Amino acid sequence: MKFSRQREIILKHVKSFPVHPTADQVYTALKRENPNLSLGTVYRNLNQLSEAGMLRKIHIADSSDRFDGRTDPHFHMICESCKRVFDIEPPGLEDIISEIKQRDGHEITGVTLNLRGICRDCLISSEL
């Protein structure tokens, strides 16, 4: 995959964004310093980067797709209040993957699980 300057800044931004931005959020964050950047370019590059395995696309029902700079096995928690997406690393995930391969002979190539709930920040603010 050829790396343009625009693709490079898009990838760098997503990898540094802790709660998984939408394409619109990436565009908004980068547009001021990159006036030639178009929303279409952002969408196209995010999709190409996720297809190439350099980003992970997170499909969320009734919401925009999010993009994750981490491609290692982990889960996500979607806050029903603020709509942010957080990485969740359950203990024993690697053990579960190994157990499935050993027991059933399947090679797990990806893990997708989205948990829904209320994040810590929203819980704290609702108590105030």
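Computed from a predicted structure; not experimentally measured.
Using a 4.5 Å heavy-atom cutoff, the side chains of Val14 and Pro21 are in contact. In this structure, Tyr43 and Ile10 have side chains that are not in contact, with every pair of non-hydrogen atoms separated by 4.5 Å or more. A 4.5 Å side-chain heavy-atom check between Ile100 and Ile96 finds at least one atom pair inside the cut-off.
No donor-acceptor pair under 3.5 Å is formed between the side chain of Lys83 and the backbone N or O of Ile78. A distance-only check finds no donor-acceptor pair linking the side chain of Ser63 to the backbone of Ile60 [under 3.5 Å]. Side chain of His59 to main chain of Lys57: no donor-acceptor pair is present (N/O by atom type, distance under 3.5 Å, no hydrogens or angles).
Legend: residues meeting side-chain contact (heavy atoms from CB on, under 4.5 Å) with Asp95, ordered by chain and number and at least two apart, are absent. Under the side-chain contact (heavy atoms from CB on, under 4.5 Å) criterion, Arg44 pairs with Thr41, Gln48, not counting sequence neighbours.
The minimum heavy-atom distance linking Arg84 with Asp121 is given by the pair NH2-OD2, 3.0 Å. Considering all non-hydrogen atoms of both residues, Ala23 and Leu39 come closest at O-CD1, 4.3 Å. Residues Ile118 and Cys122 approach most closely at CG2-CB, 3.6 Å, considering heavy atoms. Here the shortest heavy-atom pairing between Tyr27 and Ser38 reads CE1-C, 3.6 Å.
Annotation: Lys31, atom NZ; neighbour count of heavy atoms from other residues, nucleotides and ligands within 6.0 Å is above 12.
Applying the side-chain hydrogen bond (donor to acceptor under 3.5 Å, both in side chains) test to every pair with at least one member in residues 11-20, sequence neighbours left out, gives these pairs: His20-Asp68, His20-His76, His20-Asp87.
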Val19/Phe86 under side-chain contact (heavy atoms from CB on, under 4.5 Å): CA gap, chis, key distance, verdict: CA-CA 5 Å; Val19 289; Phe86 299 88; 3.9 Å; yes
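Of the inter-residue distances, the one linking Leu46 atom CG with Thr22 atom OG1 reads 9.0 Å to the nearest 0.5 angstrom.
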